[in-house]
2 protein chains.
Amino acid sequence: MSQTIEDICNKKGVKLTDQRKVIAKVLSESKEVYGESDHPDVDELYQRVSKLDSKISIATIYRTVKLFEESGILTKHDFKGGKARYETLVESHHDHLIDIKTGEIIEFVDEEIEKLQKRVAEKYGYKLVDHKLELYGIKKK
Amino acid sequence: MSQTIEDICNKKGVKLTDQRKVIAKVLSESKEVYGESDHPDVDELYQRVSKLDSKISIATIYRTVKLFEESGILTKHDFKGGKARYETLVESHHDHLIDIKTGEIIEFVDEEIEKLQKRVAEKYGYKLVDHKLELYGIKKK
DNA sequence: CTACGTGCAAACCGTTTGCGAGTCC
DNA sequence: GGACTCGCAAACGGTTTGCACGTAG
């Protein structure tokens with residue numbers, strides 16, 4: 001049922017080169033290997049990819065990541081700290097709760113907030129096409 | 001009642017040099033001159049400042065903007081597009097609705113969303129210390 | 001004299017790009 | 001052959017920083 005990155009590439013006519021296959025593999029393994037809330041930046045991806053094929057350049061990572069983003073495989077996040085971070089797109093949309101101490105990320109969905117956002121946009125005469133909600137918190141002991 | 005940027009600097013022990021006074025002036029005039037939803041980036045600030053004193057370097061703008069941010073005078077936003085944009089801190093918190101066509105920014109507050117955010121954080125055992133909500137929309141005709 | 005602020009230019013860092021070489025059809 | 005992809009190194013753009021020179025106390 002769930003389609004692989006390779007499936008999506010085929011469907012969209014994106015050529016699957018060896019390098020892209022390696023990157024796709026790293027991406028699809030991300031969540032399993034590195035935890036559910038894995039949001040690697042390009043540098044991290046580069047390092048993970050390098051273990052499988054040390055010949056792949058960081059420029060290719062950048063190009064592929066952009067390509068995958070345009071194909072709807074990845075989403076890009078500009079969290080605090082300059083570096084863009086990526087995650088594989090899942091069918092269900094979610095927002096992020098970020099631990100300001102550890103950087104740990106928790107994904108969540110809140111239907112009520114979603115609805116309210118739409119309503120706010122409409123109140124100002126806009127059609128909501130996208131949104132970003134980030135909560136920053138400290139873990140209670 | 002409302003304190004000026006200079007007041008805040010005095011209170012915090014931030015030395016008010018000539019350059020900083022000019023930058024403070026530009027900032028406090030921002031909303032009046034350029035509209036309520038003025039969120040200039042460093043480059044824009046530099047240009048506005050240059051009109052008053054062309055000797056002030058862009059490095060000083062960067063340093064002052066960072067200083068003011070730390071003093072709670074400005075807030076920094078990392079909207080889409082690489083450049084950081086700033087706005088003078090107002091007592092009432094608000095979020096942003098951004099027109100993806102024109103870049104126009106509408107500020108809004110929604111108490112209900114605020115409350116829900118707090119609740120979500122708590123659900124995961126976190127104390128909410130900050131948040132960012134950006135809505136991206138298209139104007140309806 | 002000491003501490004700090006500034007202007008300038010160089011460095012920095014994440015990201016993009018031009019180019020020559022390679023690959024697939 | 002033509003279109004595309006890659007690795008490399010250079011370029012880019014926003015931001016920071018080292019340094020020499022003020023300037024204030």
Side-chain angles (χ1 to χ4, degrees), chain A residues 5-6 9-27 39-71 73-87 103, chain B residues 5-6 8-10 12-27 39-71 73-87 103:
Chain A
I5 294 180
E6 310 212 349
C9 285
N10 289 331
K11 198 171 291 179
K12 302 243 177 180
V14 171
K15 215 180 285 177
L16 263 171
T17 64
D18 290 348
Q19 291 91 332
R20 288 180 191 167
K21 273 184 208 155
V22 173
I23 298 171
K25 183 163 185 239
V26 166
L27 286 171
H39 296 72
D41 58 34
V42 169
D43 237 61
E44 276 176 50
L45 286 177
Y46 180 48
Q47 290 179 42
R48 295 179 193 172
V49 165
S50 292
K51 285 180 192 154
L52 303 185
D53 182 347
S54 61
K55 294 289 182 54
I56 296 178
S57 79
I58 198 162
T60 297
I61 310 275
Y62 275 105
R63 285 192 266 237
T64 304
V65 148
K66 181 182 279 184
L67 184 70
F68 282 180
E69 196 198 352
E70 286 160 1
S71 306
I73 295 167
L74 289 179
T75 20
K76 180 181 181 181
H77 297 290
D78 292 301
F79 297 141
K80 204 86 183 175
K83 297 186 181 181
R85 297 170 63 175
Y86 293 85
E87 71 175 317
Chain B
I5 294 180
E6 312 211 347
I8 300 176
C9 286
N10 290 329
K12 303 242 177 181
V14 172
K15 216 179 284 179
L16 263 169
T17 65
D18 290 348
Q19 293 89 330
R20 289 180 189 167
K21 271 184 208 156
V22 174
I23 297 171
K25 185 164 184 238
V26 165
L27 286 171
H39 298 71
D41 57 36
V42 170
D43 237 61
E44 275 176 51
L45 286 177
Y46 180 49
Q47 291 180 41
R48 294 179 193 173
V49 165
S50 293
K51 285 182 192 155
L52 303 184
D53 183 347
S54 62
K55 294 289 180 54
I56 296 178
S57 78
I58 199 163
T60 298
I61 311 273
Y62 274 106
R63 285 193 267 236
T64 304
V65 146
K66 183 183 277 183
L67 184 70
F68 282 179
E69 195 198 351
E70 286 160 0
S71 305
I73 294 166
L74 290 179
T75 18
K76 180 182 183 181
H77 297 289
D78 293 302
F79 296 139
K80 203 88 184 170
K83 296 187 182 181
R85 297 171 65 175
Y86 293 85
E87 72 176 316

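Proteins come first, then strands; the chains are lettered A, B, ... in the order of their sequence lines, and each starts at number 1. Computed over heavy atoms, backbone and side chain alike; hydrogens, waters and symmetry mates excluded.
With rounding to whole Å, A:K76 atom NZ is found 10 Å from C:dG14 atom C1'. Rounded to an integer number of Å, the gap from B:I58 CD1 to D:dT16 P is 11 Å. In this structure, CG of B:D53 is placed 14 Å from C1' of C:dG5, rounded to the nearest angstrom. Between A:I61 atom CD1 and C:dT17 atom C1' the separation is 17 Å, expressed in whole Å. Here D:dG14 presents its P atom at 17 Å from NZ of B:K66, a figure rounded to the nearest Å. Look at OH on A:Y46: it is 14 Å from P on D:dC6, rounded to the nearest Å. The interatomic distance linking B:H77 (NE2) with D:dT15 (P) rounds to 14 Å, in whole Å. Summarising the geometry, the separation between CZ on B:F68 and P on C:dG5 is reported as 12 Å, rounded to the nearest angstrom.
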Each nucleotide of nucleotides 8-13 of chain C classed B (base within 4.0 Å of a protein heavy atom), S (only sugar-phosphate) or -, in 5' to 3' order, makes B-----
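The shortest distance between the side-chain N/O atoms of B:Y62 and the OP1/OP2 oxygens of D:dT16 is not below 4.0 Å.
To the nearest 0.5 Å, atom CG of residue B:L74 and atom CZ of residue B:F68 are 7.0 Å apart. Atom OH of B:Y86 sits about 13.0 Å away from atom NE2 of B:H39, to the nearest 0.5 Å.
Under the rule for a salt bridge (Lys or Arg N to Asp or Glu O under 4.0 Å), the partners of B:K25 that lie at least two apart in sequence or sit in another chain are B:E29. B:R48 pairs by the salt bridge (Lys or Arg N to Asp or Glu O under 4.0 Å) definition with B:D38, B:E44, not counting sequence neighbours.
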Atom pairs and distances, donor-acceptor, side-chain atoms in residues 12-22 of chain A, under 3.5 Å, two or more places apart:
from, atom 1, to, atom 2, distance (Å)
A:K12, NZ, A:S71, O, 3.3
A:T17, OG1, A:R20, N, 3.2
A:R20, NH1, A:K15, O, 2.8

Contacts table for residues 52-60 of chain B: side-chain donor-acceptor under 3.5 angstrom, sequence neighbours left out:
from, atom 1, to, atom 2, distance (Å)
B:D53, OD1, B:K55, N, 2.9
B:S57, OG, B:A59, N, 3.4
B:S57, OG, B:T60, N, 3.3
B:S57, OG, B:T60, OG1, 3.4

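Counting heavy atoms from C-beta outward, B:I73 and B:L67 have side chains that stay 4.5 Å or more apart. Side-chain contact between B:D43 and B:I61: absent, with no pair of heavy atoms (C-beta onward) separated by less than 4.5 Å. A:T64 has its side chain within reach of A:I23: a pair of non-hydrogen atoms, C-beta onward, lies under 4.5 Å apart.
Taking the nucleotide of DNA chain D with the nearest heavy atom to each of A:L67 and B:A84, the more 5' of the two is matched to A:L67.
Contacts between residues 13-23 of chain B and DNA chain C, defined by a heavy-atom separation below 4.0 Å, involve B:K15, B:T17, B:Q19, B:R20, listed by number.
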